[in-house]
Amino acid sequence: MSESKHLPIYRHKAELIQAVKNSNFLVVTGETGSGKTTQLPQYLYQAGICKDGKIGITQPRRVAAITVAQRVAQEMQCTLGREVGYQVRFDDCTTQDTVVKYMTDGCLLREILADSLLSQYRVVILDEVHERSLSTDILLGLLKKIFSDPAKATSGRSVPLKVVVMSATLDTDKLSAFLGDCPVFAIPGRTFPVTCTFGSAVGPKDIESTNYVKEVVKVALNVHTTEMAGDILVFLTGQSEIEQACDLLYEKAESIDYRYDVYDQTVEGLLILPLYGSMPTDQQRQIFQPAPPRIRKCVVATNIAATSLTINGIKYIVDSGFVKQLNHNSRVGMDILEVVPISKSEAQQRAGRAGRTSAGKCFRIYTKEFWEKKMPEFTVPEIQRTSLTSVVLTLKCLGIHDVIRFPYLDCPEERFILEALKQLYQFDAIDRRGRVTQLGELMVELPLPPGLARAVLKAASLGCQDLLLPVAAMLSVENIFIRPGHPNKQKEADIKHRALATRSGSMNDFATLLTVFQACKSSDRPSGWCKDNWIHWRALKSAFAVETQLQEIVAHLQRKRDFPVETFDGQKNELFRRCLCAGYFTNVARRSVGKAFCTMDGHGSIVQIHPSSSLFDQEAELNWVLFHDVLVTSRVYIRTVCPIQYEWVKDLLPKLHEVDVYELSSVARKEVTDEEVKKWESREAAKRRPEVSTVDVMKKLEKRNNEATVNDARARYLQRKQQKQKGKSLL
DNA sequence: CGAGTGATA
């Protein structure tokens, strides 16, 4: 208790409570360290607000929701799960008594789906809004739409909902304006100054043409030899870069003579630690341990160290200025993982990591000119970069028909929304008038991408969900197949993985996933089994948890009276693949020349089977395949592949070509009359040609080469690969 | 002939 009184927020306690009482919407800003996340809910609780309902506080990340709840429970001297609790997926630590509830933003979105008035809540606090996570952005729009009209605010509620939006100081005017010019309450932060310097290595013309890994290593070593004691944090973009940088650092650090080369004589060595998401947890834990006396720690990390993990004692930052970002590209209809310059706000966030405990320094390897010309002010929010199919379905299920004019804080491009509508229509999740179908209502219940949800529901209606749920779970977690960096071990891992594919009987990557899932689950020492087979045990464990949850949801849906029931008379193997077709008919490709396949999604992209697939090198036998996802590297690859027969998808494919975007956009904007629907249907009947039309369309598309975007991505990849090789040869 | 930034329901 006494400690919390020293926080900057404490002086403003009374004003803050008053500000929440005075208006239904409030923006609170304050840097990390101001105490807003832990204190504000406690103040409101002490002010007696909870007699009318709960306080819900959202976080973009699970760990944050859990750890903050733990701390607040401690401060309020109550058992976690009583007055103070948390809820994240797979872990609900709340009871009847819980009035201060920390949760992930995605959890609250689910709750709105069940009760759009949030009648259990008195206050909802959206925290870390500046991070602009997809769920937080949707919540912002929903809360504005549902509660900003004073007449509606109380409809169905006894008292209006209080909405507090908390963000770092940037961008607060925009938030306030968005929420009807609501009041803004600023809390001073408590961080230490970080001085930033620019480098000379990366200029505005050098986006991809500089080996920044080498430069980052040079700067880090310079810090090590010329700066006072204090740990270093280096930001790079990915695992291979990090490994490369660590190798270089290790090499160079060995030749340092600590009698002459080092400015601070208390420093006698450098401890180099890589850090990225897929690293084993025990190795990750090492990062947090203080270095031995007189040794300087140097952590080389991905963006994971920018928000998710906080390392104490960091005094120096070396910033490469780049990040890997998944961007949705509607022109080719897929997501492409790209290396892009970070935004200025992200650069400040990175720099701030050096000022947590004392004053720090940040060394940017790029020039001031690069900062000014190539780095955007803010990161493009997720909602403008990702596939919106799930989001649009959620909105539709909440009765929001006009998804184009929904109050987005930042509007996604209209074509992204139309693309989502098109996909939902193709999946039969919405009808021609843009209304949610029975199937759509079922799909939204499953925490899965819509295609996968459709496949799972198909299986459930056929009574064979045991085949599909493990697969859906496996595809929901990170890649479970480990592929080590060293060539010898790589071979060993590949052999093990091939053996697993063969064991599944049929050559089908989805079946392999099922085999791995079942084999590991029935093993008496699963973690050892994973180790033997080069499988990610941590990832597989989370797949088990996902599968359990999916099973519960499906069982619940099946108990509904109108859940569809179908029968199928045939082999299990065919049944399995027919279920996949129900969800993946948008991802079907037909064999073209040689190893090439041509997708049938209307883009007609030329793709190849990825070498990790069990179907790689067997292309000659295949005519039609279905795939889970696409990867653009040196070529356009399809990953997780399964052979199918044309007959299984032939009735579904025409639907991929019948949708007219102009119709969709008018459907999205207004309710459509019966007359209009009839008009469209007759027009379509006239348009629709016999069965061969699909093949015709495809042949036409096949000629059109893959779009510039794909070529660009490929060119960039090749260039980067070349640099990496150059970097290696320098060793 | 070859790949895995980071979150989340």
Side-chain angles (χ1 to χ4, degrees), chain A residues 58-65 87-92 103-114 128 131-139 235-243 275-279 301-309 320 322-327 335-340 342 346 349 379 382 385-386 390-391 393-394 443-449 452-453 476-485 487 490-491 493-494 497 536 539 542 545-546 549-550 553 594-595 608-613 616-617 619 629-635 637-640 717 721:
Chain A
T58 69
Q59 296 289 324
R61 281 174 301 281
R62 294 165 54 93
V63 268
Q87 189 186 349
V88 298
R89 190 182 185 184
F90 308 128
D91 194 0
D92 182 358
M103 63 218 292
T104 46
D105 46 9
C107 261
L108 187 64
L109 199 52
R110 289 271 133 187
E111 283 190 29
I112 288 198
L113 216 45
E128 311 286 5
E131 287 189 27
R132 304 296 306 275
S133 82
L134 189 59
S135 298
T136 294
D137 267 18
I138 296 297
L139 283 171
F235 281 106
L236 284 170
T237 71
Q239 178 179 344
S240 68
E241 261 175 32
I242 286 169
E243 277 163 3
L275 173 64
Y276 44 84
S278 60
M279 226 169 60
T302 60
N303 235 17
I304 194 171
T307 49
S308 306
L309 298 177
S320 66
F322 290 95
V323 71
K324 261 187 195 164
Q325 209 173 59
L326 194 66
N327 291 322
D335 294 338
I336 300 178
L337 191 65
E338 295 175 304
V339 175
V340 295
I342 57 172
E346 208 172 346
Q349 165 101 25
T379 307
E382 211 182 346
R385 299 194 326 249
T386 45
S390 293
V391 168
L393 182 60
T394 306
M443 276 163 66
V444 82
E445 296 294 326
L446 291 162
L448 294 172
L452 205 46
S476 299
V477 301
E478 57 185 306
N479 184 14
I480 54 149
F481 296 104
I482 298 171
R483 203 172 138 84
Q490 226 168 61
K491 253 183 208 158
D494 287 351
H497 294 162
H536 241 291
S542 42
V546 174
Q549 190 197 23
L550 293 177
I553 296 170
K595 287 170 172 288
Q608 287 190 25
I609 295 177
H610 194 273
S612 66
S613 168
F616 182 73
D617 273 346
E619 298 92 341
D629 68 346
V630 178
L631 180 78
V632 182
T633 51
S634 58
R635 286 202 173 79
Y637 286 109
I638 52 176
R639 259 191 319 192
T640 319
Y717 170 85
K721 196 176 154 189

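Proteins come first, then strands; the chains are lettered A, B, ... in the order of their sequence lines, and each starts at number 1.
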inquiry  = Within this structure, what is the NE2-OG distance for the pair A:His497 and A:Ser613, rounded to the nearest 0.5 Å?
reply    = 13.5 Å

query = Under a 4.0 Å N-O cut-off, is there an ion pair linking A:Arg61 with A:Asp105?
reply = no

ask   = What's the closest nucleotide to the A:Leu326 side chain, out of B:dG6, B:dC1, B:dA9?
value = B:dG6

ask   = Under 4.0 Å between a Lys/Arg side-chain N and an Asp/Glu carboxylate O for A:Asp91 and A:Arg62?
value = no

key: In B:dG4, glycosidic geometry as syn within 90° of 0 or anti otherwise   = syn

request  = Could you tell me the separation between the CG atom of A:Asn303 and the P atom of B:dT5, rounded to a whole number of Å?
outcome  = 12 Å

ask   = Whole Å only: how far is the CD atom of A:Glu478 from the C1' atom of B:dA7?
value = 12 Å

request  = Take A:Gln549 and A:Gly277, find for each the nucleotide of DNA chain B with the closest heavy atom, and name the residue whose nucleotide sits nearer the 5' end.
outcome  = A:Gly277

key: Spacing of A:Ile553 atom CD1 relative to B:dA9 atom C1', expressed in whole Å   = 8 Å

query = To the nearest angstrom, how far is A:Arg61 atom CZ from B:dT8 atom C1'?
reply = 11 Å

key: side chain to side chain contact (heavy atoms under 4.5 Å, CB included) against A:Gln549, all qualifying residues, sequence neighbours excluded   = A:Arg89, A:Phe90, A:Pro447, A:Ile553

task = Kindly say if A:Thr104 contacts the phosphate of B:dA9, meaning a side-chain N or O under 4.0 Å from OP1 or OP2.
result = yes

ask   = B:dC1, B:dG6, B:dG4: which one has an atom nearest the side-chain heavy atoms of A:Ile304?
value = B:dG6

ask   = For A:Leu631 and B:dC1, what is the distance between atoms CG and C1' respectively, to the nearest whole Å?
value = 14 Å

key: salt bridge (charged side-chain N to carboxylate O under 4.0 Å, His left out) involving A:Glu382 - partner list, sequence neighbours excluded   = none

key: Which nucleotide in B:dA9, B:dC1, B:dG6 has an atom nearest any side-chain atom of A:Arg635   = B:dC1

request  = Report yes if at least one side-chain N or O of A:Ser133 is closer than 4.0 Å to OP1 or OP2 of B:dT8; otherwise report no.
outcome  = no

ask   = Under 4.0 angstrom, heavy atoms only, what part of the nucleic acid is A:Phe616 near: base, sugar-phosphate, or nothing?
value = base

message = Please pick, from B:dG6, B:dA9, B:dG2, the nucleotide with the shortest atom-to-atom distance to any side-chain atom of A:Arg62.
response = B:dA9

Rounded distance in Å - CD (A:Gln87) to C1' (B:dT8) = 14 Å

message = Any N or O donor-acceptor pair under 3.5 Å from the base of B:dG4 to the side chain of A:Asn479?
response = yes

note = Testing B:dT8, B:dG2, B:dG6 for proximity to the side chain of A:Asp494, the answer is B:dG2

Nucleotide B:dG2, atom C1' - distance to NE2 of A:His610 in whole Å = 5 Å

request  = Describe the nucleic acid contact of A:Leu446 in one word from base, sugar-phosphate, nothing, applying a heavy-atom distance below 4.0 Å.
outcome  = nothing

message = Whole angstroms only, please: what is the CZ-P distance between A:Arg110 and B:dT8?
response = 15 Å

